[in-house]
Protein chains: 2
Amino acid sequence: MSGGDPSAPPRPGNVLQAIHERMADLRPSERKVAQVVLANPGRVVRMTLAEAAQAATVSEPTVIRFCEGIGLPGFQHLKLELARNSAFGVSATHSVIAPDDAPQQVTDKIFEYTLTSLDHARRRLDPATLAQVIDLLAAAPRIEFMGMGASGIVALDAQQKFPLFGRPCGASIDHHQQYMLAMTMEPGDVLVAISHRGETRSLLQVVEAARARGVTVIALTGQTGSLSAAADVALIVETLDNTNVFTPTISRIAALVVVDVLSTAVALRMPAAKTERLAQMKRALTCMRTGGSQSGDEAAVC
Amino acid sequence: MSGGDPSAPPRPGNVLQAIHERMADLRPSERKVAQVVLANPGRVVRMTLAEAAQAATVSEPTVIRFCEGIGLPGFQHLKLELARNSAFGVSATHSVIAPDDAPQQVTDKIFEYTLTSLDHARRRLDPATLAQVIDLLAAAPRIEFMGMGASGIVALDAQQKFPLFGRPCGASIDHHQQYMLAMTMEPGDVLVAISHRGETRSLLQVVEAARARGVTVIALTGQTGSLSAAADVALIVETLDNTNVFTPTISRIAALVVVDVLSTAVALRMPAAKTERLAQMKRALTCMRTGGSQSGDEAAVC
DNA sequence: GGAAAATCTGTAGCTACGCTACATTTCGCG
DNA sequence: CGCGAAATGTAGCGTAGCTACAGATTTTCC
């Protein structure tokens, strides 16, 4: 109960990131403290002030001053904030997978990395752009999702969700088909172009062709680039991409969650009648045992 | 640095859940403390021992005894654990999406819910089963992924990852095709059957047919059920599924992350030569600008 | 280049927070 | 109705975290 907490503290975002940013403003000995904290946040949580000071080879007050330097009122609060962040375990930058890791370690690291990245993506998401995209999607007579490779998976997933809300929409993961579809679209229709790097040339071709026809193009991408420049609206889903070979691409997970957000927000715009139809369908799907094709044909309620 | 932390505490999982479970063993006045903590964990974090005692209308030592009762050594540790859990803001049960939510609220709630659910899935994942699945996949001459609907997306995603590690594998989201594929599989081959509820009848048919042929069947499902019973090994990916119509299904996200874990773990088993080939391919994909079809044809390194 | 000033860092002491030993009360049971 | 055991509150202690001050170091300006 009492969901809203007005006395909630000003969200300082990721503390570790804040430390990184304000590192320059810190005094030399305070930086030694920062090093220790960044190196092993999880351990600092279990440290006492004296221990932390000893670990950084500085005196206790220096540690306190470090806390104040990064905008925290004291050491206790630092530990609390650190505990919040270390909910995901070790900080993301350190969860590089080593070839000799045990399955349990691999699991921990990947989940950790995924959680941290999603958290990061959430913070970096621009609310204004998001709202704009929702408006466009809610008003579109027709929606097409397009992407290649991993982004193709996102497109297919989006296609599975949006029709539920009464929006005719499709998805394509083939260049030729994408091009042909683009040519059948009308002004006012929305094309959602998905590409993590935003440089996939074949997709850019399709986007250009669509825009020439007056189609509204929404880019769902991981960074500013050719795609975001070519689109009418660019929704940037920023993820932490470290370059380790074994670290799986998190980008599609983040994109999927964003698609969840979009589809849900669009659904909320729908009149109550359609919402009811959706609930009905969901009940039907839940009870469905036959698991028919994905074409979405309405099965009888069990 | 110092990735392994041998002095890590015994993972108490979700503290709030632990409190719920041990509620019966608690003394009457300690339960009053539990009420306060469960009602507003985020606020208790910022409380002092005296304040917490006052809020529960008990004395300080009672609060301490409460901490000991739930397996924590003291009040400080309780606050720390509470901070860990409130990392995602409000607890998951409260993030039910209301029809009049603003886009920003929808975003927050969905991300929050996703993060909490993933965290939950991680804790509930059985390491032994996971290790067993990895062994099976690493040894399999051939792997097929099958699923319907949302689980079909997971199957397609898995298919995109595993071939990179030199494993011939396929994915199918069509019942007829699945059945035919099952009939072409040989003893020792692995069929990964994906279904969140684990009751999709058409998939169960395929599983039975495959097992009759001596194929090893791995179930990737959200709960124990018909599928987990029918399979050789059942990997349960437990998610928090509240039944709100607008709450998107988290199951596929969790399943995707588990697929990440599996593919990465299998990749680590590969000899260095193949690992090198993978790195090479990833470099090529990164530089690829043409974004050819998803068939995985090797593009020249740019 | 030297001296003064400002800034940074460590020492000492204080407040109070969290924890433990003990007394009191309350409830169950013979 | 009285005894015993459990449960709860009171008092006091140790220590952790924070503040005032002084010494050391670097910077700056003449």
Side-chain angles (χ1 to χ4, degrees), chain A residues 7 9 12 15 19 22-38 40-86, chain B residues 7 9-10 12 15 18-19 22-38 40-86:
Chain A
S7 69
V15 188
I19 295 174
R22 309 196 68 168
M23 184 74 97
D25 311 339
L26 261 41
R27 299 185 247 282
S29 64
E30 288 173 23
R31 267 177 228 176
K32 286 163 74 177
V33 182
Q35 298 281 347
V36 172
V37 174
L38 289 173
N40 206 329
R43 187 167 291 175
V44 173
V45 172
R46 316 196 172 278
M47 277 179 177
T48 178
L49 176 63
E51 286 170 338
Q54 193 180 357
T57 61
V58 294
S59 65
E60 281 105 338
T62 303
V63 178
I64 303 275
R65 280 190 278 265
F66 161 77
C67 296
E68 287 164 357
I70 58 172
L72 261 33
F75 184 67
Q76 301 251 46
H77 290 255
L78 173 74
K79 295 213 307 188
L80 249 29
E81 285 299 324
L82 241 33
R84 261 199 192 76
N85 273 271
S86 69
Chain B
S7 70
V15 188
I19 295 173
R22 311 197 66 168
M23 184 73 96
D25 310 340
L26 260 42
R27 297 185 250 281
S29 63
E30 287 173 23
R31 267 176 229 178
K32 286 163 75 178
V33 182
Q35 298 280 348
V36 172
V37 174
L38 289 173
N40 207 331
R43 188 167 290 174
V44 173
V45 171
R46 317 199 169 275
M47 276 179 177
T48 176
L49 177 63
E51 286 170 339
Q54 193 180 358
T57 60
V58 294
S59 64
E60 283 103 338
T62 303
V63 179
I64 303 275
R65 282 190 278 264
F66 160 76
C67 296
E68 287 164 357
I70 58 171
L72 260 34
F75 185 66
Q76 301 251 45
H77 290 254
L78 174 75
K79 295 212 309 186
L80 249 29
E81 286 300 324
L82 242 32
R84 262 199 192 76
N85 272 271
S86 68

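Here is the naming used below: chain letters follow the sequence lines, and residue numbers restart at 1 for every chain.
- Within 4.0 Å of B:T62, counting heavy atoms only, lie sugar-phosphate atoms of the nucleic acid but no base atom.
- Summarising the geometry, the separation between CZ on B:F66 and P on D:dG9 is reported as 15 Å, rounded to the nearest angstrom.
- Remark: side-chain polar atoms of A:K79 are paired, donor with acceptor, to backbone N or O of A:M47 under 3.5 angstrom.
- End-to-end axis angle for the helix from C:dG1-D:dC30 to C:dG30-D:dC1, using five pairs per end and rounding to 10°, comes out at 20°.
- Within 4.0 Å of A:S29, counting heavy atoms only, lie sugar-phosphate atoms of the nucleic acid but no base atom.
- In this structure, NZ of A:K32 is placed 10 Å from C1' of C:dT9, rounded to the nearest angstrom.
- A salt bridge between B:E68 and B:R65 is absent, with no side-chain N of the basic residue lying under 4.0 Å from a carboxylate O of the acidic one.
- For the pair B:I19 and B:F66, the minimum side-chain heavy-atom distance is below 4.5 Å.
- Note that CG of B:L80 is 11.0 Å distant from CZ of B:F75, once rounded to the nearest 0.5 Å.
- A heavy-atom distance below 4.5 Å is found between the side chains of A:I64 and A:L49.
- Rounded to whole Å, the distance from CD on B:Q54 to P on D:dG9 is 13 Å.
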(request) Sugar-phosphate atoms are those with a prime plus P, OP1 and OP2; base atoms are the rest. Using that split, label each nucleotide of nucleotides 11-23 of chain D B, S or - for protein heavy atoms under 4.0 Å, 5' to 3'. (result) -----SBSB----
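- The closest donor-acceptor contact from the side chain of A:E51 to the backbone of A:T48 lies under 3.5 Å.
- Whole-Å rounding puts the B:L26 CG to D:dT8 C1' distance at 14 Å.
- Here B:Q54 contributes atom CD and B:S59 contributes atom OG; the two are 12.5 Å apart, rounded to the nearest 0.5 Å.
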(request) Please assess B:T62 against B:K32 for the test side-chain contact (heavy atoms from CB on, under 4.5 Å), listing each intermediate value before the final yes or no. (result) CA-CA 10 Å; B:T62 303; B:K32 286 163 75 178; over 6 Å; no
